[in-house]
Number of protein chains: 4
Amino acid sequence: MSEPAPATTVGATPGDWRQIEPTPLPVTLSAAKDAFHDRGFHGTSIRDIAARAGVSLPTLYYHHENKQGILVALLEAGMNSVLGRVRAAIADATTPTEQLSNAIEAIVLHMTADLELASVARELRYLDHDNPHRQHYVGMRTEVEDLLDDILRRGIASCDFHVDGDARELLRYLLGACQEVTTWYHPSGARSPAQVAASYAATSLRAVGAGPTTNV
Amino acid sequence: MSEPAPATTVGATPGDWRQIEPTPLPVTLSAAKDAFHDRGFHGTSIRDIAARAGVSLPTLYYHHENKQGILVALLEAGMNSVLGRVRAAIADATTPTEQLSNAIEAIVLHMTADLELASVARELRYLDHDNPHRQHYVGMRTEVEDLLDDILRRGIASCDFHVDGDARELLRYLLGACQEVTTWYHPSGARSPAQVAASYAATSLRAVGAGPTTNV
Amino acid sequence: MSEPAPATTVGATPGDWRQIEPTPLPVTLSAAKDAFHDRGFHGTSIRDIAARAGVSLPTLYYHHENKQGILVALLEAGMNSVLGRVRAAIADATTPTEQLSNAIEAIVLHMTADLELASVARELRYLDHDNPHRQHYVGMRTEVEDLLDDILRRGIASCDFHVDGDARELLRYLLGACQEVTTWYHPSGARSPAQVAASYAATSLRAVGAGPTTNV
Amino acid sequence: MSEPAPATTVGATPGDWRQIEPTPLPVTLSAAKDAFHDRGFHGTSIRDIAARAGVSLPTLYYHHENKQGILVALLEAGMNSVLGRVRAAIADATTPTEQLSNAIEAIVLHMTADLELASVARELRYLDHDNPHRQHYVGMRTEVEDLLDDILRRGIASCDFHVDGDARELLRYLLGACQEVTTWYHPSGARSPAQVAASYAATSLRAVGAGPTTNV
DNA sequence: TATGAATGAGCATTCATTCAT
DNA sequence: TATGAATGAATGCTCATTCAT
């Protein structure tokens with residue numbers, strides 16, 4: 001039911017969480033990814049995707065149940081990518097400070113290395129609320145959030161971080177800043193994914209009141 | 001060409017930038033605002049809007065040139081609101097630290113006080129690139145950015161802020177965190193607009209390396 | 001929501017149940033009637049109907065909710081016609097024999113006078129089982145059946161009719177013979193609607209064992 | 001070109017025309033039979049049939065030229081069945097009265113014993129008019145009609161039957177009543193195929209004005 | 001025999017928009 | 001001001017059918 005392209009599985013890339021290659025995707029999903037990035041879910045027609053992919057319309061439907069199915073596949077691919085990166089990034093460090101820095105770096109690398117795929121996350125709102133895959137996706141997203149939340153709480157408890165507000169709101173702040181990267185970043189711009197990631201990590205450390213480990 | 005509802009004009013509300021009433025809007029725009037918030041620009045049909053507003057389709061076209069025109073009107077209303085707030089907020093303070101705090105607070109109040117209107121900003125990507133109003137809108141947005149950028153640069157120069165990265169990227173970080181508020185905030189939740197705004201201001205000050213002026 | 005054409009209402013034509021004019025119908029329904037007669041419900045495309053009616057596709061949808069809605073409208077129009085005829089035909093007689101004769105005549109006149117409309121009844125099976133109008137339609141059909149069934153039972157009780165089988169099955173026999181008229185009758189053939197109706201009435205009287213009141 | 005299932009050939013079952021087993025059919029035709037019965041020819045997709053039969057789509061095409069070919073196969077199977085039954089039923093009797101009774105009984109047994117197959121006859125209208133098998137099928141149907149017509153004429157001539165109308169129209173009446181059995185009969189209902197068949201035979205005899213040979 | 005993969009043409013339906021009134 | 005009625009173009013999706021394997 002799916003094209004013979006390497007599906008990224010969760011945590012499949014433990015060592016190379018800093019890698020900046022876009023997630024390999026079958027041609028139809030790759031086309032859909034670009035189309036959704038450019039025009040949004042509702043602004044993209046199934047014909048746009050087929051044309052971009054260079055396949056016929058029924059072929060698209062042979063590989064995917066429907067438009068929502070394509071969205072699901074992309075959302076999951078993207079989430080697998082971040083989740084894998086974040087897990088590996090955290091496992092790569094020990095102190096809360098290093099772990100947070102690594103995690104933010106991982107997230108921003110995800111955003112910049114595969115801008116189009118990462119931006120699809122914003123189309124989650126158009127996934128039918130009764131779609132059976134929604135729950136799974138949200139579960140994975142929650143795991144990412146929980147991983148970060150845990151670091152935050154440990155860092156606060158250990159006085160590595162100095163904040164006086166709501167930890168959950170702080171988490172939203174950090175994740176929000178990262179998520180928005182997809183709206184302004186462009187690979188042809190002056191800054192490399194690694195540079196942006198490092199910069200965002202540094203700013204995030206300051207935002208949580210961590211000591212000056214900053215470097216850009 | 002527009003319904004007899006009070007159009008907010010730029011800087012019209014200098015004193016009450018902390019006010020939390022939604023921008024008053026004619027019924028058609030109010031309906032469109034909610035519809036765009038719920039289903040996005042392309043996911044909303046002109047009929048949806050008319051039905052929500054309780055008017056007929058031709059009536060909608062009497063008040064607005066077309067669907068893009070409705071989007072423009074909402075974008076401008078939203079931008080007028082933030083711009084007015086931010087200007088007033090900055091004018092209300094003197095030091096870079098206070099000014100940044102006030103500005104972030106103003107922006108977040110805008111996001112939380114009129115969630116639906118603020119969220120429409122994200123639909124700018126669907127405004128035709130050759131639409132004559134686009135330039136004007138982007139100009140206003142640039143003004144907001146420039147106001148913030150100026151504070152940042154002054155704060156860095158005066159050693160009120162301590163950062164070593166790219167100032168423009170730092171600005172994107174801060175604005176990104178604020179913009180994302182519309183994706184998670186809900187008025188019926190535990191936190192009031194004022195609380196979120198204060199918390200975001202405090203985190204932002206830490207993010208720019210300002211001294212501990214935090215309060216939540 | 002419906003075109004300005006005279007909708008036949010139940011029992012609206014008490015005196016002229018022998019009239020042989022097709023039920024007047026708005027152009028879209030008339031086109032649909034012919035199309036469904038020729039190609040069946042599923043064999044007819046909404047475009048076929050629009051083309052036959054000489055209207056555009058959206059115009060069709062302006063007047064009818066969807067394809068099922070067109071089917072419903074036709075089914076109801078047809079059933080209104082028979083029900084009205086049958087009621088009047090029965091009221092026009094007193095003895096079971098005369099009443100049955102009149103009723104069969106009325107039904108066959110309905111079948112022959114508006115062949116296409118009558119034949120649509122067979123498409124009921126394609127009306128969604130959860131369509132809210134289905135119940136109403138079936139209720140009307142049941143009324144026709146009950147009217148006939150009542151005549152049958154009274155005729156048997158009064159020894160006007162002589163049968164020894166199941167009365168309900170006998171009813172099905174009679175109605176089946178009448179319903180099938182739409183599959184072979186053609187207005188350009190040798191026999192007029194009145195002739196076929198009289199002949200079917202006579203045969204039906206024999207089928208229920210009524211005395212020789214036959215005439216063709 | 002056809003699956004290894006016993007194809008019923010004309011007149012192959014002279015002795016057991018009262019048998020009530022469904023005609024044995026290869027799995028693909030059996031699936032198609034049910035599908036056509038449920039949803040009609042145009043309401044059934046080739047995929048529906050393949051899915052019901054549990055075979056792949058190309059496999060279906062291996063066994064049948066196309067969708068029309070499946071329809072032809074079912075029409076012929078059904079017609080073979082009635083024709084065989086009717087021939088045998090008539091050969092089983094001598095007087096017009098007994099022959100008509102037997103023939104009607106045979107036809108109704110065909111309708112009730114294999115409801116789905118019998119109902120496919122109604123889809124003849126969707127068989128392309130230039131399909132080479134159409135002529136053959138219609139020829140067989142005409143033979144059934146002629147067999148009945150002959151009985152009718154002999155019965156009238158011999159004064160076994162007493163009718164004063166058009167004999168061909170009377171034939172249509174009888175066949176119509178029988179054909180409609182497929183629209184209301186259900187095997188799980190109160191009446192057995194034999195009961196319905198006997199009842200219909202009795203009613204038919206009365207309808208042709210035969211003396212009281214009725215029995216149910 | 002059997003099937004995974006493909007497609008041109010068509011499906012029912014909805015889109016943004018207009019116009020006569 | 002307001003609207004009933006209309007439409008060309010597009011929407012997501014499915015159709016019967018084929019072909020390489």
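Convention: sequence-line order gives letters A, B, ...; per-chain numbering from 1.
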**Interatomic distance where CG belongs to B:N66 and P belongs to E:dT18 [whole Å]** = 8 Å
**Asked** Looking at C:T59, does any N or O in its side chain come under 4.0 Å of the phosphate oxygens OP1/OP2 on F:dT7?
**Response** yes
**Prompt:** In whole Å, what is the span from the NE2 atom of D:H64 to the C1' atom of F:dT17?
**Reply:** 15 Å
**Prompt:** Listed by chain and number, what are the side chain to side chain donor-acceptor pair (under 3.5 Å) partners of C:R141, not counting sequence neighbours?
**Reply:** none
**Message:** Less than 4.5 Å apart, side chain to side chain, heavy atoms only: is that true for D:L60 and D:R47?
**Reply:** no
**Message:** Tell me which pairs pass ring-ring contact (aromatic ring centres under 6.0 Å, His included) where either residue lies in residues 26-50 of chain A, with sequence neighbours left out.
**Reply:** A:F36-A:F41, A:H42-A:Y126
**Prompt:** Are any of C:Y61's side-chain N or O atoms less than 4.0 Å away from OP1 or OP2 of E:dT13?
**Reply:** yes
**Request:** Whole angstrom is fine here: how far is it from NE2 in A:H42 over to P in F:dT11?
**Result:** 14 Å
**Request:** Could you state the atom-to-atom distance from CZ of B:F41 to C1' of E:dC15 in whole Å?
**Result:** 12 Å
**Message:** Quick check on E:dA2: is either OP1 or OP2 less than 4.0 Å from any side-chain nitrogen or oxygen of D:S56?
**Reply:** no
**Message:** Just the rounded figure in Å: distance from C1' of E:dA16 to CG of B:L57.
**Reply:** 9 Å
**Prompt:** So, does the side chain of C:R47 form a donor-acceptor pair with the base of E:dG10 at under 3.5 Å?
**Reply:** no
**Nucleotide pairing, DNA chain F (Watson-Crick or G-U, distances under 3.5 Å), in dot-bracket with [ ] and |** = .||||||||||||||||||||
**Message:** Does this structure show an ion pair linking C:R125 with D:D38, if we count only N-O contacts that are shorter than 4.0 Å?
**Reply:** no
**Any C:H63 side-chain nitrogen or oxygen under 4.0 Å from OP1 or OP2 of F:dG4** = no
**Request:** Using atom CG of B:L60 as one end and atom P of F:dG4 as the other, report the distance to the nearest whole Å.
**Result:** 14 Å
**Request:** Would you mind reading off the distance between C:L71 atom CG and E:dA12 atom P, rounded to a whole angstrom?
**Result:** 13 Å
**Prompt:** Can you tell me how far P of F:dA10 sits from CD1 of A:I46, to the nearest Å?
**Reply:** 17 Å
**Message:** On DNA chain E, compare the nucleotides closest to C:K67 and B:Q68; which residue's is nearer the 5' end?
**Reply:** C:K67
